[in-house]
Every structure is written in structure tokens, then in C-alpha cells.
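As the structure lists them, so they are numbered: ligands from 1, and atoms in each ligand from 1.
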Amino acid sequence: MSAGTSYEALSVETLPDRLKGLAALAGKVGADSGTWQVQEVGDGNLNLVFIVIGPTGKAVVKQALPYVRLVGDSWPLPLYRAFYEYHALTRQAARDPGSVPEIFHFDEAQALIVMEYLSPHVILRRKLIAGEKVDGLADFLGRFCARTAFRGSELSMKSGDKKADVGLFAGNVDIPAITEALVFTDPYYSAEMNHHTEGLAPVVDRLQSDVALKVKVQQALQRFVSNTETMVHGDLHSGSIMSTDRESRVIDPEFAQYGPMGFDIGMLCANFLMAYFSQPAHRGGELEAYQSWILDVIEEVCSTFETEFRHLWATERTGILYPASLFEDQGHDSTPACDAVLSGIWHDAWTVCGIEMHRRCLSLAHNADFEDIADPAARAPLEARNLLMGAELIHTAETLADARAVCALAREFNRKDVL
Ligand code: SR1
Ligand code: MG
């Protein structure tokens with residue numbers, strides 16, 4: 001398949017013949033495409049994902065579809081998202097080496113990325129539902145969020161490079177628009193694609209009639225669309241992380257844009273909190289111990305983020321923001337400035353966290369943590385705890401002390417009979 005050929009979606013049947021000339025793929029899996037075994041394993045909402053297995057190795061071929069897979073061709077979606085995913089992956093690889101799969105090839109016309117097959121990694125969300133622990137997870141994620149936030153901002157980048165990159169990613173319009181609608185807007189009114197578990201109506205009504213809440217969420221949306229602090233992954237949930245028992249990688253940054261530094265870590269913490277609140281339906285034995293482990297992960301992700309961010313502040317502050325010429329060179333400690341930047345990050349993070357907790361139970365794309373609970377009567381009370389804690393986070397985001405306070409709140413809501 002050569003660049004410039006008009007786009008055509010691949011299938012298990014057509015892939016070997018269409019990609020047999022691709023040296024980057026043949027070099028990994030073997031030159032004889034007749035020996036390739038192909039499986040389509042995409043279980044996300046948007047794309048085709050193939051595993052290609054040959055005599056000399058395995059590779060992943062990810063191809064964007066021209067529509068939202070979850071919904072069908074009634075919702076067209078530009079193929080250019082693969083271009084932004086590719087560019088986001090290269091930036092994440094540079095800003096936090098080893099954190100993302102290795103890229104072997106990108107074909108813009110076919111909206112296709114050939115990349116490393118991660119094995120024996122599985123989607124983290126699946127491990128959390130199964131009650132499995134991952135060593136080093138919090139360290140890895142805290143560092144990833146801090147490094148990509150700091151190194152993608154004017155704290156580190158040259159002003160011209162940053163502006164050029166903001167310009168490049170500004171072309172990613174329709175994908176962030178999904179977030180603007182599904183995440184920030186739809187949960188707070190009866191949007192067409194919304195759905196929620198039977199029995200949750202009183203909680204949904206309470207959230208949707210809370211005007212102060214809607215104002216705070218809209219303020220967060222305003223920051224999301226107009227604050228280009230750093231390149232965010234844009235969809236950093238537990239389905240965008242693949243882990244073994246001791247190693248993790250971040251995948252799927254097609255929602256990348258320049259946005260607030262607290263966005264990714266906020267969305268990430270929300271997904272751990274939803275894993276936490278859903279646990280009573282997934283296990284009996286070891287429930288408390290496993291829930292405690294999840295909260296420990298949240299606390300450690302956040303403390304690692306702070307430590308790494310402060311380390312980068314001290315060692316890599318090479319951009320136009322808070323320059324040493326204004327602080328250290330004048331004999332002035334810049335710690336209060338770093339404290340203030342971090343405080344803004346946490347305000348954004350906890351607000352986004354609450355919003356993500358809402359959208360996954362109210363808007364279009366729910367998550368398996370709750371959806372795998374077959375009985376609505378068991379699911380609704382757990383989702384209700386999650387929804388009300390989300391509201392509390394949004395209301396108090398500016399004054400929350402730290403992740404420990406957030407986890408204390410989670411323990412409190414986990415004991416509540418809301419419905
Ligand atoms: C229509 S896309 C729905 C969701 O799937 C993606 O993974 C994002 O989370 C998006 O919000
Ligand atoms: Mg995704």
C-alpha cells in the first residue's frame with residue numbers, strides 16, 4: 001500500500017495482500033504475507049485494530065474508520081485523527097521515553113499506524129475489573145503525566161516551537177469536539193445520546209438542576225478549549241493504558257490537543273475512582289484490600305506527579321515561563337511560583353475528575369467497570385455514589401487539600417446508601 005492511494009478500510013482478509021509491500025511491517029513479522037495470521041481486536045469506540053502474526057514476530061496495525069465505530073456510519077468522523085495520534089505518540093515518546101508503543105510506520109492516506117505489539121500486556125481496565133495489581137503503575141503514570149505536562153509547555157519548550165505545535169494540533173477539531181460535547185456538556189442536560197441505569201433518575205435530576213455545578217463545569221470547558229498549556233493525551237482512562245503485572249504503557253492519544261496541564265491526571269484519577277466504586281459488584285473476598293490498593297494508586301500517582309513536576313521545575317525550566325533570570329538569578333526562591341502553578345493544575349484536575357465520573361454514567365460512552373455489572377439494581381447504587389462524589393469534587397476542587405483528601409472523600413461516599 002503506498003501513500004497517496006485513496007483510503008480503504010482494511011479487513012482481516014485484505015490486510016496481508018494490501019500491506020505485503022510495507023517494509024516496516026514485513027521486517028517485523030516476515031516477508032511472506034501468505035504466512036501472516038491476522039486478527040481484528042479493536043474493542044474501543046472508534047478504530048480498527050489488527051494484530052498481525054508472522055514467522056518472525058508480531059505487530060499491531062491500527063486504522064481509523066471514517067465514522068464512530070460505536071455508533072456506525074451515521075456519525076462520520078475525520079480520518080485525520082490518525083495523523084494527530086501519530087504526532088502525539090512521537091511527542092510522548094520524546095517527553096517520556098519508553099512510555100508509549102514504538103511506532104514502525106505511519107500512512108496518512110490510509111489513516112494507519114503500524115506499531116509495536118505489546119505482550120503480555122492487557123488493557124488496564126480489564127485488570128482492575130479482575131482485581132489484579134500492577135507493580136510500579138502509580139510511579140509510571142505519575143511520571144508520564146508530569147513529564148508530558150511539563151515538557152509540552154512553555155515551562156520547558158521554546159516559545160516558537162510551542163506555538164508551532166499548538167498550531168499543528170489546532171487542526172484536530174472534530175475529535176476534541178467529542179470531548180466538549182460528551183464529557184463536558186451532555187451529562188448536564190437530557191442530551192439525545194444520553195442513557196443511564198434504571199433507578200438513577202433522582203440523582204441525575206439533582207445534578208442536572210444544580211446550576212452552580214453547571215457553571216463550574218462550563219468554566220472548566222472554557223479552560224479546556226482555550227488554555228493551550230501543554231499537549232494533553234486527551235483520553236487518558238484505564239482503557240488507554242496497557243499493563244502486565246509490572247510494566248505499563250500509554251496508548252491511543254488520538255484525542256491529543258493542547259489543553260490544561262491538569263486534564264490528563266484528572267481524567268485518569270476519575271477512572272481509578274470508578275474502578276474503586278464498582279468493586280463491590282466484582283468481588284467478595286479481598287474487596288477492602290483491593291479497594292485500598294486502588295486508592296493507594298491514586299495517592300501515589302498524584303504524589304509522584306508533584307515530585308516529578310517539582311524536579312523538572314528545578315532542573316528543566318528552560319522556557320519563557322518563570323525563568324531563572326526572574327527568580328534564582330535574583331536570589332529569589334521560585335518555590336512559591338511552583339506551588340501556585342501546581343495549585344492551578346490540581347484545581348483543573350479535580351474538576352475534570354468529577355466531570356469524567358459523571359459522563360461515564362450519564363452520557364454516550366459508559367465504561368466497563370460499571371457496564372459489566374449485569375444487574376441494574378446492583379449497578380445503580382454504586383453509580384450513584386460515584387455521581388455524587390463527582391459533584392462534590394467539582395464543587396470543592398479549588399480548596400481540596402490533596403489526593404489524600406480526595407481518597408478520604410471516596411471512602412466516605414463508598415459507605416453511603418445514596419439511593
Ligand atoms: C464517540 S467516542 C466516545 C468516547 O470514546 C473515546 O474513547 C473517548 O473517551 C470518547 O469520549
Ligand atoms: Mg481510545
Original post:
Taking only residues two or more places apart in sequence, or in another chain, which ones meet Phe169 in a ring-ring contact (aromatic ring centres under 6.0 Å, His included)?
Top reply: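 Only Tyr84, Tyr258 meet the ring-ring contact (aromatic ring centres under 6.0 Å, His included) criterion with Phe169.
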**OP:** Identify, with sequence neighbours excluded, every residue that meets ring-ring contact (aromatic ring centres under 6.0 Å, His included) alongside Trp313.
**Re:**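 Trp313: ring-ring contact (aromatic ring centres under 6.0 Å, His included) contacts with Tyr322.
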**OP:** Anything with a heavy atom under 4.0 Å from ligand 1 counts, so go ahead and list those protein residues by chain and number.
**Re:**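 Lining ligand 1 at under 4.0 Å, by heavy atoms, one finds Asn45, Leu46, Val68, Trp75, Ile178, Leu182, Asp235, His237, Phe255, Arg359, Arg360, Ala365.
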Original post:
Counting N and O atoms only, with roles assigned by atom type, does the side chain of Arg147 sit under 3.5 Å from a partner on the main chain of Phe309, one being a donor and the other an acceptor?
Top reply: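 Side chain of Arg147 to backbone of Phe309, a donor-acceptor pair under 3.5 Å: no, none is there.
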**OP:** Please confirm whether Arg360 makes a cation-pi placement over Phe370, using NZ or CZ under 6.0 Å from the six-membered ring centre and within 45° of the ring normal.
**Re:**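 That pair does not qualify as a cation-pi contact.
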**OP:** Before giving the answer on salt bridge (Lys or Arg N to Asp or Glu O under 4.0 Å), spell out for Arg310 and Asp339 the whole-Å C-alpha distance, their side-chain angles and the decisive distance to 0.1 Å.
**Re:** CA-CA 9 Å; Arg310 288 183 188 281; Asp339 293 345; 2.8 Å; yes
**OP:** Keeping to residues at least two apart or across chains, list the salt bridge (charged side-chain N to carboxylate O under 4.0 Å, His left out) pairs with something in residues 379-394.
**Re:**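 Only Arg385-Asp417 qualify under salt bridge (charged side-chain N to carboxylate O under 4.0 Å, His left out).
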